[in-house]
Undergrad: 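Sharing a structure here in structure tokens format.
It should be emphasised that the depicted structure is a prediction, and the values quoted were computed from it without experimental measurement. In what follows, chains are A, B, ... by sequence order, proteins preceding strands, each numbered from 1.
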Amino acid sequence: MLRRTPPWYLLLPALLAGFVMLVPLYYLGLRAFSIDLPSIANLLVRPRTLMLLSNTFKLSLGVMALTTLIALPLAWLFSYSQLRHHRWLLLLCVMPLAIPGYVMAYAILGLSGQFGFFAQMFGTPLARINGYWGAVLALSLYTFPYLLLNLRATFLGYDHSQDEAARSLGRSGLSIFLRLKLPHLLPAFLAGQLVIVLYTIGDFGAVALMRYEAFSYAIFTSSFDRTYAAWLSLVLISITVFLLLGEYLLLRNRFFAKVGSGLSKEPPLVTLGWAMIPAATFVALVLLAAIGLPLLIIFYWLGLSPPEWSQLMMVPKTFWQSAQAAVPAAALAALFALPVAYLSVRYPSWHSQLLERLSYIGYTLPPLTLALAMVFFSIRTPFYQSLFILILTWAMAGMALAIGPIRTSLLQSRINIEEASHALGHSNFTTFVRVVLPNIRRSILAGFALVLVLCMKELPIATLLAPSGYHTLAVRVFTFTVEGQLAEAAPYALAIILFSSMFIGLILAHEDKSSTR
Amino acid sequence: MSTLLRIEQLTKYFAHQDKAAVSQLNMQVEQGEILALLGPSGCGKTTTLRMIAGFEQPDAGDILIQQQSILGLSTQQRKIGMVFQDYALFPHWNLQDNLIYAMKHISRADRVKKAEYWLELVGLGGLGKRMPQELSGGQQQRVALARTLAAEPKLVLLDEPFSNLDAALRESTRDEVRRLLKANGATAILVTHDQAEALSFADHIGVMQNGKLEQLGTPEDIYLRPQTAFVAEFLGHTNLIFATAKNGIAQTALGPIALNQPVEGQVTLSLRPEQLCLQAQPDAPGVVINREFRGHDYFYLIEQQGMLFKVITTQQERYELNQRVQVSTCYQAVIVQK
């Protein structure tokens, strides 16, 4: 619209980012099609593939059901009821996002067994929670906030005068709920569930610790047969594409935004009365399970067999090692997200849209398949098992996260100030550095922080790509837990929770500030 | 006076639209003149402004400043200032820095002093350290103007600059901006859809519709001698009357009316409501259909021989509903093209 061709200093990095995102797909395909068709059929058409498919499907259904049971009542309570301290409680309910699935799995595993928390507390050991139900529980307890936030935003954005209009047309409460609220809620529900299902099918840590044979876990255990692993990855990617396409088809042409220019009316808050007790109990139960349990189990094991000083000192060292790759990865992601977001907002065309879509590949690919593809790519290069490949892959996995806030703040900042700068005689470059950048600085930082948190707790990519001798906090938690050394895993798990909850708190505070402004 | 800006056959199409947003536009602006581009939304006035500023590229035609085409120049090379509808102040800088950013042509040492000079001039002296968000709409407006003038542009473009101000502030700010522009000898183009604003602000008005310039002239010309029915109706209430003309006289429902041009045949006339007068007569052909008291005058709707006439009278002339009145005029009617 403004200037036909984007300046080279934005176009080049954006093109580079888009190109790099195609690398994993290319190498995955290369590996998968390195054998002839009959062998492919042999490889894929076997009961095990079907079993993996149905397991992944069952797991997704279970997680969807449980997260809905948790998030829907919470969303309602936090939007429409006079729940006391609801701001703080909501913040706490979002905190599980800081707890990775494998830590949740660790906590559930640490609850049961001969030396588990339950056995020590109540005398009899709790039957081991693992397999399907263990995986469903671990995944649901850390993913439900995605649904909660989506549903709450819709509840709050819902124009209550629609309800009043329906009532004045003689409609009953039930009809209003079914015909107005539910369709209104559907996009948020689907969007939230899409994120959750993508996490579920892409999850590696929780599923692996629970020894439930879903796709990611199978890809990991069959990594000795690389062609089979590549094919399983392709199937997993097809499922992802299918889901994204399905959501797009379901939601297109649906408009739920307010029509007209009147002010939205906020609904009157419901006084809970005696229902306060079950409501508060429910919130407490969710918080206890999602935050209390991991912390409790971590401290229980720390207390049961306190680590030696030398072991404890390994924690900051590992933290430092994690950060060594996570910080450059986050910086790289933010650096490349900036031109991609800027082009897509300021030079809208199918080229720039395509570039933006491409940069979502890294985030949408299940992390284990991304990591596997990067193994295929790097294995014949001198970079194989170098820190650089880990940094690059983390940056690819996180870039979409960094694009989000930058894109939003560019959309909010008006193009006028850039035009004003040109009209005052300043060049594109001066305008970009002196006018554009200062106004989106905070969102670039927010993008950086989001990617940093992702990398600090990331497991599958680190497991496959970390150079030998290089351990991240996540890898430590995972390997110790796999070997049953729950006490040794505890301090690392705690470090991850502390770090990422601190950042999530910061990000939420940032969003709070910008939304009230 | 010398011509500063000349626009020749300027045409602009937007993607996915068959009709031209701006079509073969010709006009010129003299040095030191204020021109208003007036028209309904979507008439192409803002697109014209954005092509002059260099934010859009025309598909055909030329834009010349002092006889030199500027189409090959980028916005930053054109030395054309723009005051935006929402002011577009840089939110991360205080007023002083906002102004200093405009002073590329001034040596660094003098910029702070010059910034204070401009703030002083727009009545905001001493507020250089304030952030734009801390100012009222009217103050932001004046900073935006000061920032534009501080770049010492050859031409100042104003895109609906008063539309975000509330009515009370609008008139005083308008007068103030006009005074500042004139005091600095600036040449300016104002884009607006508000006819009162155009009439009081500009030396010349160009009325646009459907991407075309309908009429260009002084405010008096445009209001009193509209050339088309659209211009007549866009600048306020008018009565469009169909009639047959002969020897400079038109035979109408109101009787014979003198014309401003000696034409023959079927014509359309425009008469402003205040150019008609009423007279109470028991057997007159007109009937009062509606009456609005508007404070400074009365606005009547009169039916006469199956036609409706709008008439404005002084507050002293009160007629009742259904009262019989005679509509007449003592003015020349203006011939307009449909």
Side-chain angles (χ1 to χ4, degrees), chain A residues 1-11 261 338 342 345-353 405-406 408-446 510 513-517, chain B residues 12 14-15 46-47 49-57 73-94 97-106 131-133 140 143-161 164:
Chain A
M1 193 161 47
L2 186 62
R3 292 134 282 166
R4 292 282 165 209
T5 43
W8 62 269
Y9 50 84
L10 295 176
L11 192 58
S261 56
L338 179 63
Y342 189 79
V345 173
R346 290 289 187 253
Y347 297 88
S349 69
W350 67 268
H351 309 92
S352 59
Q353 296 311 309
I406 298 175
T408 309
S409 83
L410 276 174
L411 283 172
Q412 284 167 351
S413 82
R414 288 164 305 192
I415 191 173
N416 273 356
I417 60 169
E418 290 166 50
E419 291 179 343
S421 172
H422 290 132
L424 294 173
H426 292 281
S427 67
N428 280 346
F429 188 73
T430 311
T431 303
F432 189 75
V433 173
R434 297 200 56 198
V435 175
V436 179
L437 278 185
N439 279 300
I440 57 170
R441 201 184 50 213
R442 284 160 62 106
S443 66
I444 298 173
L445 274 177
H510 164 87
K513 222 186 249 166
S514 46
S515 69
T516 48
R517 266 178 62 183
Chain B
K12 171 79 185 171
F14 282 118
T46 296
T47 307
L49 203 71
R50 290 176 63 81
M51 284 192 280
I52 299 172
F55 299 138
E56 308 275 357
Q57 281 297 318
L73 301 179
S74 65
T75 298
Q76 62 259 33
Q77 294 164 326
R78 289 189 186 188
K79 292 182 96 27
I80 292 177
M82 176 111 165
V83 178
F84 292 84
Q85 187 170 7
D86 50 10
Y87 321 135
L89 297 178
F90 303 117
H92 58 299
W93 284 329
N94 62 27
D97 291 337
N98 261 279
L99 285 162
I100 284 175
Y101 191 65
M103 300 177 191
K104 255 179 95 175
H105 56 292
I106 292 177
M131 298 304 280
Q133 301 85 294
Q140 289 185 18
V143 177
L145 182 72
R147 188 181 66 182
T148 304
L149 292 177
E152 294 176 28
K154 293 177 184 159
L155 174 66
V156 176
L157 307 175
L158 303 117
D159 183 11
E160 305 258 8
N164 279 343

Undergrad: Under a 4.5 Å cutoff for heavy-atom pairs, which residue among B/Ala102, B/Ala53, B/Ser74 has the most contacts with chain A?
TA: B/Ala102

Undergrad: Short question: side chain of B/His92, backbone of A/Arg434 - any donor-acceptor pair under 3.5 Å?
TA: yes

Undergrad: Do B/Phe90 and A/Ser421 make a side-chain contact, defined as non-hydrogen atoms from C-beta onward lying under 4.5 Å apart?
TA: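 When only atoms from C-beta onward are counted, A/Ser421 and B/Phe90 do touch, with a gap below 4.5 Å.
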
Undergrad: Can you say whether B/Leu157 sits under 4.5 Å from chain A via the side chain, the backbone, both, or neither, judging by heavy atoms?
TA: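 Looking at B/Leu157, nothing touches chain A.
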
Undergrad: I'd like to know if the side chain of A/His426 reaches the main chain of B/Tyr101, judged simply by a donor and an acceptor atom lying under 3.5 Å from each other, with no hydrogens or angles considered.
TA: yes

Undergrad: Measure A/Ser413 against the heavy atoms of chain B and call it side chain, backbone, both or neither at under 4.5 Å.
TA: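 Interface part for A/Ser413: neither.
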
Undergrad: Rounded at 0.5 Å granularity, tell me how far CD1 in A/Ile417 sits from CZ in B/Phe84.
TA: 10.0 Å

Undergrad: Name the region of B/Lys79, side chain, backbone, both or neither, that has any atom closer than 4.5 Å to a heavy atom of chain A.
TA: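 No part of B/Lys79 comes within 4.5 Å of chain A.
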
Undergrad: To the nearest 0.5 Å, what is the distance between NE2 on A/His422 and CE on B/Met82?
TA: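 The CE atom of B/Met82 is 13.5 Å from NE2 of A/His422, to the nearest 0.5 Å.
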
Undergrad: Quick check for you: to the nearest 0.5 Å, what is the distance between B/Gln76 atom CD and A/Thr431 atom OG1?
TA: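 One gets 7.0 Å once the value is rounded to the nearest 0.5 Å.
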
Undergrad: Which value, rounded to the nearest 0.5 Å, describes the distance between B/Thr75 atom OG1 and A/Leu424 atom CG?
TA: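 Answer rounded to 0.5 Å: 11.0 Å.
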
